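This one's a predicted model, so the numbers in the text were calculated from it and none came from an experiment. Residue numbers start from 1 in every chain, and the chains themselves are labelled A, B, ... in the order their sequence lines are given, proteins ahead of strands.
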Amino acid sequence: MLSSLVVAQQVNLYSARKEALIKPLLDKFTQQTGISVNLVTGKADNLITRLKSEGKFSPADLLLTTDVGRLYRAKQQGLTQAISFSEAIAAVPDNFRDEQGHWLGLSLRARPLMVSVDSVDAQTITSLEDLISPQWKGRVCVRSSNNIYNQSMVASLIAQLGESAAQDWVNKFVKSFARPPQGGDRDQIKAVAAGLCDVAIANTYYLAGMLSSKDKTTQKQAKRVNVIWPNQADRGVHINISGVALAKNAPNKDAAVKLIDFLLTNESQLWYAKTNHEYPILANIAWSELLQSFGTFKAEQVPLSKLGVLNAAAVKMMDRAGWK
Amino acid sequence: MKLINWFYSWFNIWFVGISLGCFILAAPIGLVFVSVFFPQTEIWQHLYSTVLSDYILNSLVLAFGVGTLVIMIGTVLAWCIARYEFTGRKQLQWMVLLPMAMPAYIIAYTYTGLLDFAGPIQTLLRETFNWQYGDYYFPDIRSLSGAIIMLSLVLYPYVYMLARTAFSEQPAGLEEVSRSLGVSQRKHFIKVVLPLSRPAILMGAALAMMEAFADYGTVQYFGLSTFTTGIFRTWFGLGNGIAAAQLAAMLTSFVVLLLILEYLSRRKIRYYFQGQRAQQVNRQKLSGSKAFWVPFLCVVPVLFGFILPVLQLLNWASKTYSHQLTSEFWLLLWNSFYLAAIAAITAVTLALLFAYGKRLNPIKPIKSLVAMVNLGYAVPGTVIAIGAMISLSWLDIKINTLTERWFDVSVGLIFSGSLFALILVYSSRFLAVAMHNIDTGLARVKPSMDDAARSLGHKPLQILRTIHVPLMKTSVLSALLLVFVDVLKELPATLILRPFNFNTLAVRAFELASDERLMDAALPALAIVSVGILPVILLTLLMDKPSTDSSQIN
C-alpha cells in the first residue's frame with residue numbers, strides 16, 4: 001500500500017477522441033503538472049461497455065467522447081459522478097453542461113450544408129426543410145444513417161419539430177439523395193466537388209481539414225464548395241459537442257479534475273481549433289482564420305442531453321424511411 | 001468391463017483438458033447465445049418490418065459471392081503453380097500469397113481512393129473526354145459486388161494454399177494410372193484431382209466465407225447493410241445490446257449451417273496418403289500460347305490484390321512519412337509483432353491439442369465441443385471482444401473482492417485489463433484457422449500409423465511429437481503463419497480490449513482512416529503489410545517441399 005504513495009500522480013483516460021487528436025495536448029498537461037496520463041482510445045460505446053463491466057474496480061477516471069449522446073448514455077447507466085465546480089467550468093455555457101454537472105463540453109462541432117460553388121446559388125437554400133422540395137430531388141449527398149452525426153441531427157429535429165414532422169422530413173429527404181449513402185463526410189464534400197451532387201451535409205472540421213491538407217487535389221476539391229448555415233432565421237444550425245465525463249469510481253479524482261481544467265484553458269481551446277478545426281466551447285476564444293472564413297452562425301438551442309434521449313427514435317425513423 | 005471402458009474413454013485427461021479449454025474459449029461466444037432467452041419483441045418487429053431482410057440477403061450474397069470467387073481464383077492458381085513449369089513460376093508462387101498480408105478494409109480504402117467518382121481515374125476520364133456526371137457508366141466500387149471483389153482479392157490465398165498442398169501432395173501414381181488408362185488430362189483433373197482435393201478447396205472457401213460473414217470494416221465503409229453493420233446499429237443506435245447479441249447469434253447460426261454443409265459434402269470421403277514414397281508429380285513444361293497466358297493469369301490476382309494497392313499506399317505514404325516515422329512508430333511495430341507472435345503460438349498449441357485429443361478420443365462430446373469453439377471465426381471480432389470483456393471483468397471483480405476481503409489489497413484488473421484478454425479473444429477467434437490446417441494435416445496421416453506406434457509402446461504425446469508433428473510440419477507452420485497474419489490485421493477486438501498506452505499498427509491505421517485521413521493511414525498500413533509479408537514468404541518456401549517431410553520417416 002505504501003507503494004501507491006510513492007507513485008507519481010496519474011490520470012486514466014478512456015477516450016473516443018483519436019490518439020492523434022488528444023495525445024499532444026495530454027503531453028503538454030504532463031509537462032506542466034507532472035501528472036502522467038494513461039490513455040486508451042476506442043469507440044465511445046465500447047469504452048462505455050468497458051467502464052460498465054469493470055464496475056467499481058475500473059481504473060478509468062475520465063471518459064472523453066466526440067458527441068453528446070454518449071455522454072448522456074454513460075450518465076444514464078450510472079457510470080459518472082458530478083464534477084466539482086470550478087471557475088473554468090463555470091465559463092462553459094449552460095446548455096453545453098449536464099444539469100447535475102456529470103459532463104461538460106470541450107469543443108463545438110457544427111453540421112451545416114456544403115454546396116457546389118458552380119451550380120448552387122447560395123441564396124436558394126436557407127434551411128434543412130428546403131432540401132425536401134422537389135427542386136433538390138436526386139441532388140443531395142449525405143453519409144449513412146449508421147453514423148452518429150446523422151443520428152444526432154435527426155434526434156434534434158425530433159426534439160424541435162416533433163415526431164411526426166421529423167418523420168415527414170426524413171421520408172422526403174431520402175428522395176433527395178443523389179446516391180445511396182456511402183463513405184464519410186469528406187466523401188460527400190468530394191462528391192459535390194466532382195459534380196455528382198450539389199449539396200452535402202458535413203461537419204465543418206472535415207472541410208477545414210481538406211482545405212489545410214498537404215495534398216493539392218484535396219485542397220482543390222475543398223475549394224469547390226461553399227458553406228451554408230441553414231435555419232438561421234429560425235432554430236439555428238445543428239451542433240454537437242465533444243466532451244468529458246468523470247467516471248463514478250475514478251481513483252484519481254483530483255488529478256482528473258485538474259486535467260478537465262487544463263482542457264478548458266485558453267491554450268487548450270486554441271489547440272482544438274487549430275489542430276482539428278473545431279469551434280472552442282468558450283465564447284471568448286478567438287477562432288482560427290480558417291474557421292472565420294466559414295462565417296459566423298446561430299446554433300440550435302436544444303438541451304444537448306435530449307439528443308441522447310431521442311437517439312433510438314431517430315434510428316428507427318431512418319430505418320422506416322429507408323435511409324441506409 | 002464395458003462400464004470401465006466407457007469410463008476410460010470419457011473421463012481421461014484429454015477429455016477434461018479439452019472441455020476446460022473449450023469452455024474458456026467458448027465463454028465469450030456462449031454469452032452471445034444466452035441472449036436468445038431474453039426476447040425483444042418490439043425491436044424485432046421493427047427490424048423485421050424494415051431492415052432485417054436486407055441484412056440477411058446482403059450477408060448471404062456477400063458470403064456466397066466471396067466463396068464462389070475465391071474458389072475460382074484459388075483453384076486455378078493452385079493448379080497452374082502446382083502442375084505447370086513456366087518462367088516466373090518460382091517468383092509467382094510466393095507472390096500470389098502476398099494479398100494475405102493486406103487487411104480487407106485497407107484494400108477497400110485504397111480502391112475507393114482510386115476508383116471513386118472523385119478519384120484520379122474517373123477525374124482523368126472526365127477531363128480527357130470532357131464528360132460530366134451521368135455522361136458515362138463507371139462501376140460503383142462501393143457496392144455489394146465491389147465488396148465481394150475486395151474481400152475475394154485478399155481471401156483467395158486460403159483456397160489457394162489448401163488446394164495447392166492438396167494438388168502437390170497427390171502422388172504421381174494417380175496421374176500415371178489415369179494416363180495408362182487413356183484418360184485425357186482435362187478428364188483426369190475433373191474426375192480425379194478435383195474430387196480428391198474437394199475437402200481442401202471447400203475448407204478454404206468456408207474459411208473465406210466465414211471471414212466475409214464477420215467482415216465489418218469493408219461493408220461499413222461501403223455503406224452496405226449486412227449483419228455486422230446491423231449488429232452495431234441495433235446495439236449502439238437503437239441502444240439494445242440484447243437484440244444485437246441475438247442478431248449475432250443468428251449470424252453465427254448461418255455459419256453453423258455453412259459448416260454442416262461443408263461437413264456433409266465430405267462426410268463419406270476419407271483419403272489417406274501413405275506418408276512414404278509419395279513421389280511428387282513432375283510439373284509439366286509449358287510451351288506455345290499457354291506459356292504466355294498461364295503466367296499472365298497468375299499475375300492478375302497479385303496485381304489487383306497487392307501490387308496496385310501497395311503502389312497507392314506508397315504514393316500516399318511518400319507524402320506523409322516524414323512526420324510519422326518517430327520512435328513511437330517503431331514501438332507500434334514491435335507491439336504488433338510480438339502480440340501476433342504470442343497469439344499464433346497459443347492458438348496453434350491449443351489447436352494441436354484439440355485436434356489430437358479429438359483423434360485419440362473420437363467421441364461425440366469432444367467432437368462437438370471442438371466444433372463449437374471453431375465457430376468463433378465467424379463471430380465478428382467486436383462481439384467476441386465484448387463477450388470476453390464482460391466475462392473477464394466479472395472474474396476480475398470476483399477476484400478483487402476476495403483479495404480485498406482476505407488481504408486488504410485489490411490486485412487490479414489482472415485479466416480484463418491486460419494482454420491476457422486480447423490473447424484469449426485472438427485464440428477464440430482464430431482457433432478455426434489453426435484447426436482447419438492441422439485437421440487437414442492430421443487427417444492425411446493414416447490412423448494405422450498411430451496404432452502401429454501405440455502397439456510398439458509409444459505414449460500419445462510421444463507419437464504426436466515424433467510422428468505427427470514431423471509429418472505435419474507444413475500444416476503446423478502454415479497454421480502458425482496464418483494466425484500470425486490474421487492477428488496482425490485484427491482490428492475490432494484489439495481496439496476494444498487493449499490495455500492503457502498500448503497501440504498496434506492496425507489500431508493506428510484504422511484511427512487515421514476512420515478520421516478520413518487516408519493519406520496518413522498509409523504508412524501504418526504499409527507497415528502491417530510488410531510485417532505480414534515475411535511469414536507469407538516463409539510459408540511458400542515450406543509449401544514447395546511437402547515431400548521432404550514424408551521421406552524423413554522412412
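Residues A/G42 and B/R498 share a closest heavy-atom pair of N-NH2, 3.9 Å. The minimum heavy-atom distance linking A/G183 with B/R142 is given by the pair CA-NH1, 2.8 Å. When all heavy atoms are compared, the tightest approach of B/E404 to A/K56 is OE1-NZ, 4.1 Å.
Residue B/D116 holds its CG atom at 7.0 Å from CD of A/Q182, rounded to the nearest 0.5 Å. Atom CG of residue B/L392 and atom CD of residue A/E54 lie 10.5 Å apart, to the nearest 0.5 angstrom. From A/T41, atom OG1 reaches atom CZ of B/R508 across 8.5 Å, with rounding to the nearest 0.5 Å. Distance CG/B/D396 to OG/A/S58: 11.0 Å, rounded to 0.5 Å.
No other option in B/S393, B/S49, B/S416 has as many heavy-atom pairs under 4.5 Å with chain A as B/S393. In terms of heavy-atom pairs under 4.5 angstrom with chain B, the leader among A/K214, A/R50, A/Q221 is A/R50. Ranked by heavy-atom pairs under 4.5 Å with chain B, the list A/R70, A/R186, A/M210, A/M318 is led by A/R186. If you tally non-hydrogen atom pairs under 4.5 Å between each of B/I390, B/V51, B/N400 and chain A, the highest count goes to B/N400. Most heavy-atom pairs under 4.5 Å with chain A, from the set B/F500, B/W394, B/W235: that is B/F500. Of the listed residues A/V40, A/D319, A/N46, the one with more heavy-atom pairs under 4.5 angstrom with chain B than any other is A/D319. In terms of heavy-atom pairs under 4.5 Å with chain A, the best-connected choice from B/L497, B/V507, B/T123 is B/L497. In terms of non-hydrogen atom pairs under 4.5 Å with chain B, the most contact-rich of A/G209, A/A313, A/P59 is A/P59. No other option in A/Q151, A/R73, A/K52 has as many heavy-atom pairs under 4.5 Å with chain B as A/R73.
Heavy atoms of A/N147 lying under 4.5 Å from chain B are absent altogether. Residue A/T217 does not touch chain B at all, counting heavy-atom pairs closer than 4.5 Å. Of the atoms belonging to A/A178, it is backbone heavy atoms, and not side-chain ones, that fall under 4.5 Å from chain B. The contact between B/L413 and chain A is made entirely by side chain atoms (from C-beta outward), counting heavy-atom distances below 4.5 Å. Contact of B/S391 with chain A is not made at all, since no heavy-atom distance falls under 4.5 Å. Looking at B/F510, the atoms closer than 4.5 Å to chain A (heavy atoms on both sides) all sit in the side chain, from C-beta outward. Contacts of B/D520 with chain A are absent, with no heavy-atom separation under 4.5 Å from either backbone or side chain. Contacts of B/M519 with chain A are made by side-chain atoms alone, with heavy-atom separations under 4.5 Å and no backbone atom involved. For A/L21, the part lying near chain B is the side chain, with the backbone staying farther off; criterion is any non-hydrogen pair under 4.5 Å. Looking at A/K316, the atoms closer than 4.5 Å to chain B (heavy atoms on both sides) sit in the backbone and in the side chain alike.
Within a 6.0 Å sphere centred on NZ of A/K18, other residues, nucleotides and ligands contribute more than 12 heavy atoms. Counting heavy-atom neighbours within 6.0 Å of A/K220 NZ, excluding the residue itself, gives a total of 12 or less. Taking a 6.0 Å sphere around CZ of B/R126, one finds it holds more than 12 heavy atoms contributed by other residues, nucleotides or ligands. Applying the 6.0 Å contact sphere to NZ of A/K248 captures no more than 12 heavy atoms from other residues, nucleotides or ligands.
Side-chain contact between A/D187 and B/Y221 is present, with heavy atoms from C-beta onward closer than 4.5 Å.
In this structure, a donor-acceptor pair under 3.5 Å is present between the side chains of B/R233 and A/S145. Looking only at atom types and distance, the side chain of B/Q220 has no donor-acceptor partner in the side chain of A/N146 under 3.5 Å away.
Within the 3.5 Å criterion, the main-chain N or O of A/E19 finds a donor-acceptor partner in the side chain of B/E511.
Salt-bridge annotation for B/D140 and A/R179: absent, with no side-chain N of the basic residue lying under 4.0 Å from a carboxylate O of the acidic one.
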